[in-house]
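Quick notes on the structure that follows.
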Amino acid sequence: MGARPARRGRQRARRHRQSPRRRRAARHLLHLHAPEAAPIRANPGPLRQAVDNLLANAIKFAPVGSTVDLTVRDGETALELLVEDRGPGVPLEHRETIFAPFRRLQRGVDGAGLGLAIVREVAEAHGGRAWVSERPGGGACFHLVIARA
């Protein structure tokens with residue numbers, strides 16, 4: 001009986017130590033738009049890291065309570081992943097430079113500025129490309145294209 005309250009205390013403490021990313025993610029809704037299957041030959045580790053980086057950025061910059069959309073488009077020659085948010089978007093003059101290592105648009109925001117550089121590197125290693133555009137209605141739309149082998 002004496003160990004039980006201590007366990008509850010540890011569980012409560014663990015819950016309060018969640019990472020800032022996990023707490024932010026709990027305040028957004030993620031919509032997945034994808035075909036039932038979209039087979040592709042790719043290195044799964046780096047591809048997952050690229051998608052994680054795009055989703056983390058969307059969650060970081062999107063307003064609390066907004067929706068982040070992840071769309072998978074299965075084409076004949078490539079697979080395209082789009083991550084869209086309703087954040088401030090990316091000004092036209094920064095849409096290329098944000099993919100360079102250590103480049104960030106805002107100071108005081110968590111991160112080293114490597115996430116989008118990794119996304120582009122993964123895309124190019126898989127014969128594809130990565131870029132950002134404006135989301136209709138406001139926000140950003142990040143594109144990750146992986147070529148079919």
Task: Shortest non-hydrogen separation from Ala123 to Ile146 and the atoms involved - done: CA-CD1, 4.2 Å
Task: Qualifying salt bridge (Lys or Arg N to Asp or Glu O under 4.0 Å) pairs with a residue from residues 32-46, counting only residues at least two apart or across chains - done: none
Task: Hydrophobic cluster membership, Leu114 vs Val122, 4.5 Å side-chain cutoff - done: yes
TODO: Please determine which of Ile118, Leu81, Leu116 meets the side chain to side chain contact (heavy atoms under 4.5 Å, CB included) test together with Leu54.
DONE: Leu116
TODO: Give the minimum heavy-atom separation between Ala100 and Ala117, together with the two atoms involved.
DONE: C-CB, 4.1 Å
Task: Euclidean distance, Ser66 OG relative to Ile59 CD1, rounded to 0.5 Å - done: 9.5 Å
- [ ] Indicate if Val132 and Val119 have the same hydrophobic cluster label, given that clusters are the connected sets of ILVMFWY residues with side-chain heavy-atom separations under 4.5 angstrom.
- [x] yes
- [ ] Begin with the C-alpha distance, continue with both residues' side-chain angles, and end with the deciding distance and a verdict on side-chain contact (heavy atoms from CB on, under 4.5 Å) for His143 and Ser133.
- [x] CA-CA 8 Å; His143 304 255; Ser133 62; 2.9 Å; yes
Open item on the list: Quick check: closest heavy atoms across Ala62 and Asp85, and the distance to 0.1 Å?
Closed with: CB-CB, 4.0 Å
Open item on the list: By the salt bridge (Lys or Arg N to Asp or Glu O under 4.0 Å) test, which pairs, at least two apart or in different chains, include something from residues 113-132?
Closed with: Glu96-Arg120
Task: Spacing of Leu55 atom CG and Leu30 atom CG [to the nearest 0.5 Å] - done: 6.0 Å
- [ ] Taking the side chain as every heavy atom from C-beta outward, state whether Val68 and Leu29 have any atom pair closer than 4.5 Å.
- [x] no
- [ ] For residues Ala38 and Leu79, report the shortest heavy-atom separation together with the two atoms involved.
- [x] CB-CD1, 3.6 Å
Task: Pairwise distance CZ(Arg95) to CZ(Phe142) - rounded to 0.5 angstrom - done: 9.5 Å
TODO: Identify whether Leu92 and Phe61 are in the same connected component of the hydrophobic contact network (ILVMFWY, side-chain heavy atoms under 4.5 Å).
DONE: no
Open item on the list: Could you check whether His33 and Asp69, counting side-chain N and O atoms only, form a donor-acceptor pair closer than 3.5 Å?
Closed with: yes
Open item on the list: Contact between Leu144 and Leu47 at the side-chain level, heavy atoms closer than 4.5 Å - yes or no?
Closed with: yes
Open item on the list: Do Leu70 and Val90 sit in one hydrophobic cluster, given that two such residues count as connected whenever their side-chain heavy atoms are within less than 4.5 Å of each other, even indirectly?
Closed with: yes
Task: Shared hydrophobic cluster for Leu32 and Val83 (ILVMFWY, side-chain gaps under 4.5 Å) - done: yes
- [ ] With sequence neighbours excluded, tell me which residues meet side-chain hydrogen bond (donor to acceptor under 3.5 Å, both in side chains) with Thr71.
- [x] none
Task: Spatial distance of atom NE2 (His28) from atom CZ (Arg86) [nearest 0.5 Å] - done: 13.0 Å
- [ ] Could you tell me whether a side-chain N or O of His126 sits under 3.5 Å from a main-chain N or O of Asn43, the two making a donor and an acceptor?
- [x] yes
